[in-house]
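Just so it is clear, the values below take in all heavy atoms, side chains as well, and ignore hydrogens, waters and symmetry mates.
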Amino acid sequence: MSYKAICFDADGMIIKPGENFSDRLAKEKGIELTGMKPFFQGPFQKLKRGKGNLKDELELVMKDWGWEGTADELIVYWMSGDVVIKSLIEQLKKADVACYLTTNNEAVRGDYLRDGLGFGELFDHLFVSGKLGHAKPDKEYFELVWKHAQEDGATAKNDVLFCDDELEIIEEARAFG
């Protein structure tokens, strides 16, 4: 089968962290990872749907995490551990396959992916949940992806391949078509 578009999850697929941000920070600051879980299970869930401000939320927890710098410095630290895999995307684009980055991240991380890592130029479109107001596996998220895939030549939903490292997201994408 020949695909018209392929969607790639950012973290865990295209971006292979040298070590997770939370693991790296916990090790360096000597804190327990359980102390970071409330942030990722609470405020971060809103941030990845475009509600709230990363810097404001980090300012509320960074002292508890042992961070002594500014929230802006913590954001740079957070985003600095990535090693990027680009060659596959470049090869697919040469074969006229539209390539999309799909990620459940908040808006600041989306800007970093677009500008800091150059994904705005590498991918045909970036679907950053924090900018869209919907996160994977929300049906609305898949509808936005499908709309762009149609603009890029897809005529049937199975013209689009959705790659992700979370089974729940893959199952919902499959249910969407």
Inset, instruction - Using a 4.5 Å cut-off on heavy atoms from C-beta on, say whether the side chain of His134 contacts that of Phe142. - result: no

Legend entry - Qualifying salt bridge (Lys or Arg N to Asp or Glu O under 4.0 Å) pairs, either residue in residues 34-51, two or more places apart: Arg49-Asp138

Inset, instruction - Answer whether the closest heavy-atom distance between the side chains of Asp159 and Gln150 falls below 4.5 Å. - result: no

Legend entry - Residue pairs passing the side-chain hydrogen bond (donor to acceptor under 3.5 Å, both in side chains) test where at least one lies in residues 165-177, sequence neighbours excluded: none

Inset, instruction - Without swapping roles, check the side chain of Glu121 against the backbone of Gly118 for a donor-acceptor pair under 3.5 Å. - result: no

Inset, instruction - Might you point out which heavy atoms bring Trp78 and Leu54 nearest each other, and give the distance in Å? - result: CZ3-CD1, 3.6 Å

Legend entry - Other residues, nucleotides, ligands: >12 heavy atoms within 6.0 Å of Glu90 CD: yes

Inset, instruction - Give the C-alpha distance, both sets of side-chain angles, the deciding distance and a yes or no for side chain to side chain contact (heavy atoms under 4.5 Å, CB included) between Leu58 and Phe39. - result: CA-CA 9 Å; Leu58 287 176; Phe39 171 79; 3.9 Å; yes

Side-chain donor-acceptor contacts of residues 97-106 below 3.5 Å, not counting sequence neighbours, with atom names and distances?
from   : atom 1 : to     : atom 2 : distance (Å)
Tyr100 : OH     : His148 : O      : 3.1
Tyr100 : OH     : Ala149 : N      : 3.3
Tyr100 : OH     : Asp152 : OD2    : 2.5
Thr102 : OG1    : Phe8   : O      : 3.3
Thr103 : OG1    : Asn105 : ND2    : 2.6
Asn104 : OD1    : Lys136 : N      : 2.8
Asn104 : ND2    : Lys136 : O      : 2.9
Asn105 : ND2    : Asp11  : OD2    : 2.8
Glu106 : OE1    : Val108 : N      : 2.8
Glu106 : OE2    : Arg109 : N      : 2.9

Legend entry - Minimum heavy-atom distance Asn158-Tyr3, with the two atoms named: O-CE2, 3.6 Å

Inset, instruction - Any chance you could measure Leu25, atom CG, to Tyr77, atom OH, to the nearest 0.5 Å? - result: 5.0 Å

Legend entry - Under 3.5 Å donor-acceptor, Lys93 side chain and Leu122 backbone: yes

Legend entry - ILVMFWY network linking Val128 to Ile169, side-chain heavy atoms under 4.5 angstrom: no

Inset, instruction - Calculate, to the nearest 0.5 Å, the distance between atoms CD and CE belonging to Glu73 and Met62 respectively. - result: 8.5 Å

Inset, instruction - Report yes or no: do Met13 and Val145 belong to one cluster of Ile/Leu/Val/Met/Phe/Trp/Tyr joined by side chain heavy-atom distances under 4.5 Å? - result: no

Inset, instruction - Please report the closest heavy-atom contact between Glu57 and Pro43, naming both atoms and the distance. - result: OE1-CB, 3.4 Å

Legend entry - Nearest atoms (heavy-atom pairs only) where Gly35 meets Trp65: O-NE1, 3.6 Å

Legend entry - Closest heavy-atom pair and its distance - Val160, Ala154: CG2-CB, 4.1 Å

Inset, instruction - Decide yes or no on side chain to side chain contact (heavy atoms under 4.5 Å, CB included) for Phe123 and Leu113, but give the supporting numbers first. - result: CA-CA 10 Å; Phe123 286 91; Leu113 295 171; over 6 Å; no

Inset, instruction - Over all heavy atoms of both residues, which pair between Ala71 and Lys55 is shortest? Give the atoms and the distance, please. - result: CB-CG, 3.6 Å

Legend entry - Mutual orientation of the aromatic rings belonging to His125 and Phe127 [parallel < 30°, tilted 30-60°, perpendicular > 60°]: tilted

Inset, instruction - Kindly indicate, with the supporting measurements, whether the criterion side chain to side chain contact (heavy atoms under 4.5 Å, CB included) is fulfilled by Phe119 and Ile14. - result: CA-CA 10 Å; Phe119 284 177; Ile14 296 300; 3.8 Å; yes

Legend entry - Ring-ring centroid check Trp146 Phe176, cutoff 6.0 Å: no

